[in-house]
Structure formats: C-alpha cells, structure tokens
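Values below: all heavy atoms of this structure, side chains included; hydrogens, waters and symmetry mates excluded. Ligands are counted one by one from 1 in listed order, and the atoms in each one are counted from 1 as well.
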Amino acid sequence: MQNIRFNAIQTVLNRQKYEVHVPTERISEYFGSNVFNDEAMRKHLSTEAYKSVKQSIETGAKIERAIANQVAVSMQAWAISKGATHFTHWFQPLTGATAEKHDAFFSLTDASRGIENFSGDALVQQEPDASSFPSGGIRTTFEARGYTAWDPSSPAFIMEIGKGKTLCVPTIFVSYTGDALDYKAPLLKSYHFLASAALEVCHYFDKHVSRVFPTLGWEQEYFVVDEALFYARPDLLMTGRTLVGHASAKGQQLEDHYFGSIPSRVYAFMLDLETEALKLGIPVKTRHNEVAPGQFECAPIFEDMNLAVDHNQLLMDLMDRISRRHKLRVLLHEKPFAGINGSGKHCNYSLATNTGNNLLAPGSTPRRNLQFLTFFVNIIKAVHEYSDLMRAGIASAGNDHRLGANEAPPAIVSVFIGSSLRQVLEEIEERVDKGAFDDQSIDLRMEIHKMIPDLMKDNTDRNRTSPFAFTGNKFEFRMVGSSANTSMPMTVLNTIYGQQLKNFKAEVDSIVKESDEKKDGAILKVLKRYIDESKNILFEGDNYSKEWEKEAAKRGLSNIKTTPSAFEVFTTKKAKAVFTNNNILSEIEIEARQEILLENYNHRLQIEARMMHDICINQVLPAAIRYQNELATNVKSLTDVGLEKETKPQKDLLKQISGHIQSIKSTVDDMM
Ligand code: ADP
Ligand code: MG
C-alpha cells in the first residue's frame, strides 16, 4: 500500500494547478491586520488603558477591572469594524490542540431589539464547560468548573474562517481552585521567573537593562498528502500515521527532494497559508522542502517566547484548515511513515534585553563577552543538571518513533558548542587553575574578550545531529516533536535556566561578600567550576552513531527510550523541587499533568492497536485468504491436467502466505 502511495504522492502533488488569491499589496501593508496589536491599541485605547496593557505585557501585572472594561469596549469596536460578529476565549488545554467556544457579540435589550455587547467581564473571564477537558483529577466532573482568564500579554486576533470572522482572546485555563489546566499558565510563570533571574545576572554587566525575556524561533516540519489518498488509508485518518505496508522502492535515498522545487499544489497551499498567517501577525519567513518525499518546513522570524508559542499553535490550526481548502492534508505526526525521516519542530532559544541585545550572542566589547560567557556556561550547566527533565518535556507517543530513528536526535540529551568555544572553555579552566586571573591588576574582561573574537569567524562549525546545539547566537533544541505544543519544553527550559541563574547569582554574591575577590574574579571562578562539572554533557561527534550510545552510557548520561518512563521524571524529588520552589507548578499540578499526559499516551496507543487489528482482520487477512485460495485452486488445476511438476513455485508461495496468515492472526490476537 505504502509503495503505491509514495509514487502517487509525487505525481498528485505536482499535477493540478490551483488558483490562489495572493494579496496585491506588499506584505508590510497587511501584516498583522487581523491583530489587536500595538498599533491598533494605540489607536483605539485611552492612554491609561494602553499603558496598563503594556505594563501587563512586560511584567505580567494584573489589569484592573475598570481598565479591562475600557479595553473590552475598544477591542469590540475594532473587531466589529473588521467584520467580526462573534468572540471566543482561545486557550490551550492539555489535549494538545487549541480550544474555543464562540459567543455572538449580539444580545437582546428587549424581546425585539438587539445590541452588540462585549463587557470587561466577558473579556476577563469565562466559564467554558470544562468537564470535557482533561484535568488529571484536579477537577472532578461533578464540579466541572474551570475558567479561562484573559492573558493581556498575547494580543487578541480575528480568525477568518470562510466568511465568518471571530475575535479570539488568548487566555489561560484554570480550575475553580486556581490550578493550571493548560499549557499557557505555567509557561507564563516560567517566563517571568526566568526574566527576573536573568535580569539580576545581567545587572552584573549592564545596569541600563530593565527587562530580559526569552525568545523562541520554531521551525515547523510537516508532511502533505492528497486528500483522496489520505481517506484511502484508515490508519492515516485515525492515527496520523501508517501502521502497515512496506517501504517504497523510492524513498529518500536519492536525496532529490530537499531544497528541490516545491510541487505546484503544495506551493499554492503555502502561499495561502502564509497570507493568512501574516494577517495574524505570524512573521513567517522561510519555506522549503524537507528531506523526505512530501515533507516540508515553515519557519518564522523569532519572537518574544509567549507570542511565538501562541503563533505556533495558531499556525498548526491554520495548516489544517487551509490544507482542506486545497484538497490536501497536513500531517503533523512525528513519524507518519516508517523508514523515512520524521518531523520535528526545532526550537531556537535565546534571551533578549529591552536594549536590543541577545545575551547568547558574543559581542564586540569586553563587557558583552563576559556577559555572553556567563549566560552561555549557565545554560550548559542547567542542561547538565536537568537533562532528564528536558527529555520529559518533549516526550510523546509520536516522538518515541522519531527519536533515534532516521536523522533525528537520539533520546540522549547532549550539548554541542563547536570546537572554538570548547577551546575557550578549556583555556578559561586552565588559566583559572593556574591562578592566571588572580592578579588584581589584570583586566579580566579584556582577557576574555581577546579569546572570543576568533570564534565569530568559525560560525560554520555546525553539527546537525545534536539535540541541543549552539548555532552562533542561540541554542537549537531539536528534540521537540512536530505536533508538540512548544509550551512544555519551553517551560522546562525557562525553569531550569532560571534556577541555574539564581544559583549562580547566589554563589557569586557570596564569594564577593566573604572574600576580597572582585566581582569579575568571582564570576570566573564559579564559571570555571561549572565548566568542569558539566563537561560530560558536551558532545561534538555524530549523535546518530551506535558508538555515541555506548559512550553516553559510559559517561552516565541517561537514555530514556519511552514516553512513560520519561514522564516519571516529572514526579521525581528534583523535578518537583525546581517547579514548586519557583512557583511554576504546584505538586498537585505536576501530578495531574503527569496523569493526563500518560492517559493521553495510553489512548493513542490503544487507538493504534485497535486500528491495526481492524486493518489486519478486515483488509489484510481477507486479501491474503483470497490469494491463498487462488494459489490452491491453481495448484489443483495444474495437477488435474497432469502438470504437477510445474506447481512448486505456487506451493512455496502458498506455504509462505499461510505462514503469514497464521502469524498475523496470532500476533493481532495477542495484541488485543
Ligand atoms: P537553520 O536552523 O535552518 O539553519 P537559521 O540559523 O537561519 O536556520 O535560524 C533558525 C531559526 O532561528 C529562525 O527561525 C530564526 O528566527 C531563529 N532565531 C534566530 N535568532 C534567534 C534568537 N536570538 N532567538 C530565538 N530564535 C532565533
Ligand atoms: Mg534548524
């Protein structure tokens, strides 16, 4: 089946030409036109309301009810002027998708007259029927009360579906007792926690910085298949991946797909998708073919993390809706087809300051370079301390098939930094050991600065196989699966990095307080120790090789192969401590989350097993038995006319087919 499918995909994706409406204006003219963004807010809000929303974006501060009322009125006026008739709270429950429930602005004043109405109350809080979303026992169904609460830090937008337009208000989703039931609430907490820990460390180097925030640039990989072929495969339809079939004669061995010309139907889909994405303020920039046949990638310009996460959720939703318009289907599953590459979602991660600096980019001044080194070494140390938690953050049923398979990082977390930075770290270690920096007359920043410049020339030093790679001015987390809500891995990264920076600050401050060491000297001493302690997480070789698996085991690095074992990490003492101490997730929330994710995992596997059973019993076995009969009849007929000697190949085949029938039947029975 798979064989036919592949060859067909290649042809079908290229065959018909579809008309697409591409705006004639320049992108900059319609970019963000469906978003209640800074420009729209300046225009529609009072100065007081505008300032309050801005403050909330930067610090996470709450907005007063009176102001919320003002914002609601202006937001409604803006949305109605754009043709919106309904509004919805848009949220990210733990099902993985986004959720919405639409209400009309319209309400009745008396029996015959209507009015458009959207109050501060409706903006700030809603009570969706929460009983059908997973809660992991936090909220028992009989008290099915959860509510969505406005997140002013992510701007409202208008979603156009056909001719319908709906104002979507990004929200968090919590239980009646205030426990998080979604991905967004802990993400925001981890964002602000990291922001404040990083700001304090930043002040060692630069007092002018008043705000630090994490940035995220994701790269979304996906497969596209023709709708008719999609419907022809019940397994693809029900589980997002093919469960049976044999590999195509032509897979990706010729390496002729990557960066090749984009098939015309897919190109039309991409144009359509990009237009809608741009109107929603998603700064999509890159599109290209990926390695496997029918596989593609879409990537935006990186953004503030909170926004980037929402934008990725929105894009996945758009992909699904828009592909249907083109009689195509987008597959976001991590491994739709065995034997060829799976899909990931590389997450490029860094920290930015309000003054426009990237804290993970080497700079042109001695101050900037010591600062860079500080943030750089601390993130490596964080990954070293909590590599298991990072593994847990990306675990899913789909990703289990991808990790460690064709061109995907293995389940072992390691960090790639490149040879020149490795040398810098080694040199620092050596010089601190020798006491070379102890002389107070030495300008430490200048010394470090002298080591760094060469580095920039060697930016080509890249390793494509590393799960967590430094790529010149950011880290690229490559283990994240294509269908994942990036909130989870980002919450983990923010939390462990924030914790690490907090520890670092405490250590440096205590050295300065208790000895006559100057601040820079103390910083270097602590960094030196971190370099030493986290060495075994650094790996520059081929992560896909068998040797690495052995080497990693020798180094004591963990290699958690399956999702259920990865989820167990969430409830370890260490993981609970880092989440609860920093007020990211409470113990109850952690346990509920583990339960929900595990349940989701079990359901997925169960659906796959049932599907497999269904296909084997109802499609594969009947076909095999028909063929078996054909062979048997043929053998009999040949024997009847005296050609028994000629029947050996048929008899061999018959034995083979009968064997297959038996083994399919018994393994399928065992599975159920
Ligand atoms: P590739 O990994 O395909 O070689 P690039 O190096 O061009 O791609 O960049 C990949 C992604 O990294 C892009 O989406 C880009 O927006 C993002 N990116 C660049 N700088 C940062 C940053 N400071 N923080 C987060 N993401 C970033
Ligand atoms: Mg990449």
Side-chain angles (χ1 to χ4, degrees), residues 27 31 187 190-191 194-195 198 202 209 211-222 257-260 262 270 273-274 277-278 281-292 295-316 341 343-363 368 371-372 375-376 378-379 407-409 415-418 421 455-456 458-480 482 484 486-487 489-494 497 543:
I27 291 176
F31 178 72
L187 175 77
S190 74
Y191 173 109
L194 171 62
C202 201
V209 173
R211 186 175 166 240
V212 177
F213 56 95
T215 53
L216 165 63
W218 41 262
E219 304 166 55
Q220 178 74 55
E221 291 181 339
Y222 59 98
H257 186 61
Y258 193 59
F259 284 174
I262 298 171
M270 285 176 171
L273 173 69
E274 286 167 15
L278 289 162
I282 309 173
V284 284
K285 191 170 167 69
T286 312
R287 60 167 104 102
H288 60 80
N289 287 356
E290 262 302 328
V291 176
Q295 192 187 25
F296 306 89
E297 180 183 297
C298 165
I301 299 168
F302 72 96
E303 300 175 278
D304 173 289
M305 181 181 287
N306 180 27
L307 211 54
V309 167
D310 280 3
H311 281 167
N312 181 245
Q313 288 300 113
L314 253 180
L315 187 96
M316 290 194 287
N341 281 14
S343 300
K345 180 150 51 202
H346 294 176
C347 286
N348 294 271
Y349 181 86
S350 193
L351 282 174
T353 66
N354 64 314
T355 50
N357 288 333
N358 176 348
L359 294 173
L360 286 172
R368 286 279 302 280
Q371 176 176 276
F372 157 69
F375 282 95
F376 180 71
N378 269 288
I379 195 167
E407 291 209 17
V415 182
F416 168 84
I417 60 171
L421 269 169
L455 176 76
M456 299 320 291
D458 194 13
N459 226 342
T460 48
D461 188 358
R462 282 195 171 201
N463 180 321
R464 292 270 161 204
T465 67
S466 174
F468 198 70
F470 184 66
T471 50
N473 57 2
K474 62 193 180 287
F475 275 90
E476 186 169 340
F477 190 18
R478 302 199 178 112
M479 296 172 94
V480 184
S482 48
T486 51
S487 290
M490 294 302 107
T491 300
V492 170
L493 265 177
N494 292 344
Y497 199 12
N543 283 259

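A centroid separation of 6.0 Å or more is found between the aromatic rings of Phe475 and Tyr349.
At distances below 3.5 Å, not a single donor-acceptor pair connects side-chain atoms of Ser482 with backbone N or O atoms of Tyr222.
Within the 4.5 Å cutoff, the side chain of Lys474 has no heavy atoms near those of the Phe302 side chain.
Of all atoms in ligand 1, numbered sequentially from 1 with element shown, those under 4.0 Å from a heavy atom of Pro300 are 13 (C), 14 (O), 16 (O). Listed by number with element, the atoms of ligand 1 under 4.0 Å from a non-hydrogen atom of Gly217 are 25 (C), 26 (N). Under a 4.0 Å criterion applied to the non-hydrogen atoms of Ile301, ligand 1 contributes the atoms 16 (O). Close contacts between ligand 1 and Glu476 involve ligand atoms 2 (O) [criterion: under 4.0 Å to a heavy atom].
Annotation: the span from Phe468 atom CZ to Leu493 atom CG amounts to 5.0 Å, rounded to 0.5 Å.
Annotation: Asn358 places an N or O atom under 3.5 Å from an N or O atom of ligand 1; distance criterion only. Considering backbone and side-chain N/O atoms, Phe302 comes within less than 3.5 Å of an N/O atom of ligand 1.
No heavy atom of Gln220 sits closer than 4.0 Å to any atom of ligand 1.
In the model, Thr486 has no side-chain atom that pairs as donor or acceptor with a side-chain atom of Asn312 under 3.5 Å.
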